[in-house]
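Sequence positions, counted from 1, serve as the residue numbers for this chain.
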Amino acid sequence: MSKLAEKVLLDLTRAIDNDELVLPTLPEVALKVREAAEDPNVGIPEMTKVIGNDAALTARIVKVVNSPLLRTNREITDLQMAIGRLGINYTCNLATGLAMEQMFQATTDVVDRKMREVWTKSTEIAGICHVLCRHYTRLMPDQATLAGLVHQIGVLPILTYAEEHSELLSDSISLNHVIEQIHPIIGDKILRTWEFPEMIACIPSQYLNFSRDGGKVDYVDIVQVATLQSMLGTPHPYTQLDWSQIPAFAKLGIKPDLDMHADEDLSAAMDAAMTMLQ
């Protein structure tokens, strides 16, 4: 590890330990949607009013409900119909995930490119998570999608730090090393600060724990397998691992040598899921 990477790791770790790291806050619309969803008496009209104040988010949700994955016999043209089709909880998770894209913006071109890269990868993983969840588990596809979207949320404060420290920004090797080492810890901390349920909040620190086992299949398993599937055909070191020794595959009931892209139905479903999130 370079001296620069060591210094940044020390700075960020100390800031985390002392509760001095400035964590990002959820976009206002996501906070309002989650607050509304926590009310047991909330109905579709109330949720429509909350989301309807954000035209871009409204359009995205209507697009999602008309996507090939969820499409019904007739086209859904307004937000109230869309929420009625999806349900309150599904809409809440989807709106929270989609609204987070607003956070992936930077003041410098270098960091903006990096943030776009992280968000694009997150939507890819989220799309694969959605398909894995629907085809191989009885878990909730909306939660799996949200899990995929937040699994690298811890990268944001590191890139914000890099914007203020040009020496780190100009050393991509050190920056990538710092991200790799620190983002899981920060990610868990952010999601717990946002009061996400534990089954989602633990994902950043656990999705690369390939020896993790025990219990029933969960969202960590889904994100883990989705991450590995996204690396097929690349020179990434994770493709050299013995996937037959990774418990998540067995928990999902998937053969380790499965290539989802080679399966016509799964590939089409993944494409549809990724398009849905873009």
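Inter-residue side-chain proximity for Met100 and Ile153 is flagged as met; some heavy-atom pair is nearer than 4.5 Å. Annotation: side chain of Leu86 is in contact with side chain of Ile61 (closest heavy-atom distance under 4.5 Å). Between Ile128 and Leu132 the shortest side-chain heavy-atom distance falls below 4.5 Å. Taking 4.5 Å as the limit, every side-chain heavy atom of Val178 sits out of range of all side-chain heavy atoms of Leu4. When side chains are defined from C-beta on, Arg116 counts as touching Glu101, because their heavy atoms get closer than 4.5 Å. With contacts defined as side-chain heavy-atom distances shorter than 4.5 Å, the pair Ile16/Ile182 qualifies. Side-chain contact between Val225 and Phe249 is present, with at least one heavy-atom pair separated by less than 4.5 Å. When side chains are defined from C-beta on, Tyr238 counts as touching Leu208, because their heavy atoms get closer than 4.5 Å.
Crowding of Glu167 atom CD: a count of heavy atoms from other residues, nucleotides or ligands under 6.0 Å exceeding 12. Counting non-hydrogen atoms of neighbouring residues, nucleotides and ligands closer than 6.0 angstrom, the CD atom of Glu198 exceeds 12 such neighbours. A 6.0 Å sphere centred on CG of Asp109 holds no more than 12 heavy atoms belonging to other residues, nucleotides or ligands. With a 6.0 Å radius and a threshold of 12 heavy atoms from other residues, nucleotides or ligands, Glu28 has its CD atom at or below the threshold. Residue Lys32 qualifies as open at atom NZ: its count of foreign heavy atoms under 6.0 Å is 12 or below. Taking a 6.0 Å sphere around CG of Asn89, one finds it holds 12 or fewer heavy atoms contributed by other residues, nucleotides or ligands.
Nearest heavy atom pair, residue Val131 against residue Ala273, reads CG2-CB, 4.1 Å. Considering all non-hydrogen atoms of both residues, Val111 and Glu163 come closest at CG2-CG, 3.3 Å. Closest approach of Ala147 and Tyr219 over heavy atoms only: CB-CB, 4.3 Å. Considering all non-hydrogen atoms of both residues, Val220 and Cys202 come closest at CG2-SG, 3.8 Å. A pairwise comparison of heavy atoms in Ala82 and Ile76 identifies N-CG2, 3.5 Å as the closest pair. A pairwise comparison of heavy atoms in His135 and Ala269 identifies CE1-CB, 4.3 Å as the closest pair.
In this structure, the separation between CD on Glu46 and CD1 on Ile83 is 10.0 Å, given to the nearest 0.5 Å. Interatomic distance, SG of Cys92 versus CG of Leu146, reported as 8.5 Å (0.5 Å rounding). Within the model, atoms CG of Asp188 and OG1 of Thr193 stand 10.5 Å from one another, a figure rounded to the nearest 0.5 Å. Atom CG of Leu149 and atom OG1 of Thr96 lie 10.0 Å apart (nearest 0.5 Å).
Applying the side chain to side chain contact (heavy atoms under 4.5 Å, CB included) test between His130 and each of Met274, Gln143, Met276 identifies Met276 as the sole match.
At least one donor-acceptor pair under 3.5 Å links the side chain of Gln229 to the backbone N or O of Leu258. Under a 3.5 Å cut-off, the side chain of Asp142 and the backbone N or O of Asn93 do not form any donor-acceptor pair. A donor-acceptor pair under 3.5 Å is formed between the side chain of Asn53 and the backbone N or O of Lys49.
Hydrophobic clustering of Ile, Leu, Val, Met, Phe, Trp and Tyr side chains at less than 4.5 Å, counting indirect connections, keeps Ile173 apart from Tyr161. Cluster membership for Val62 and Leu94, using ILVMFWY side-chain heavy atoms within less than 4.5 angstrom, is not shared.
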Dump the intermediate steps for side-chain contact (heavy atoms from CB on, under 4.5 Å) on Tyr136 and Val217, then the final yes or no.
CA-CA 10 Å; Tyr136 296 102; Val217 65; over 6 Å; no
Quick one, Gln105 with Met115, criterion side-chain contact (heavy atoms from CB on, under 4.5 Å). Give me CA distance, side-chain angles, the key distance, then yes/no.
CA-CA 7 Å; Gln105 294 176 0; Met115 284 192 177; 5.5 Å; no
Check against side chain to side chain donor-acceptor pair (under 3.5 Å), Asn209 and Ser211:
CA-CA 6 Å; Asn209 178 5; Ser211 61; 3.1 Å; yes
Between Leu191 and Ile203, is the side-chain contact (heavy atoms from CB on, under 4.5 Å) condition met? List the steps.
CA-CA 9 Å; Leu191 296 179; Ile203 284 171; 5.5 Å; no
Are Leu98 and Leu57 close enough, and set up right, to give a side-chain contact (heavy atoms from CB on, under 4.5 Å), and what steps lead you there?
CA-CA 7 Å; Leu98 292 175; Leu57 187 56; 3.8 Å; yes
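Taking the charged nitrogens against the carboxylate oxygens, Arg212 and Asp218 do have a contact shorter than 4.0 Å, which makes a salt bridge. Ion pairing between Glu124 and Lys121 holds under the 4.0 Å rule for side-chain N and carboxylate O. Electrostatic pairing of Asp11 and Lys7 counts as a salt bridge here, judged by a charged N lying under 4.0 Å from a carboxylate O. Between Lys114 and Glu117 a salt bridge is recorded (basic side-chain N to carboxylate O distance below 4.0 Å). Of the charged side-chain nitrogens involved, none lies within less than 4.0 Å of a carboxylate oxygen, so that Lys189 and Asp17 do not count as a salt-bridged pair. Ion pairing of Glu195 with Arg34 is absent here, as no side-chain N (NZ or NE/NH1/NH2) approaches a carboxylate O to less than 4.0 Å.
With hydrogens and angles left out, the side-chain atoms of Ser267 and Asp265 include no donor and acceptor closer than 3.5 Å.
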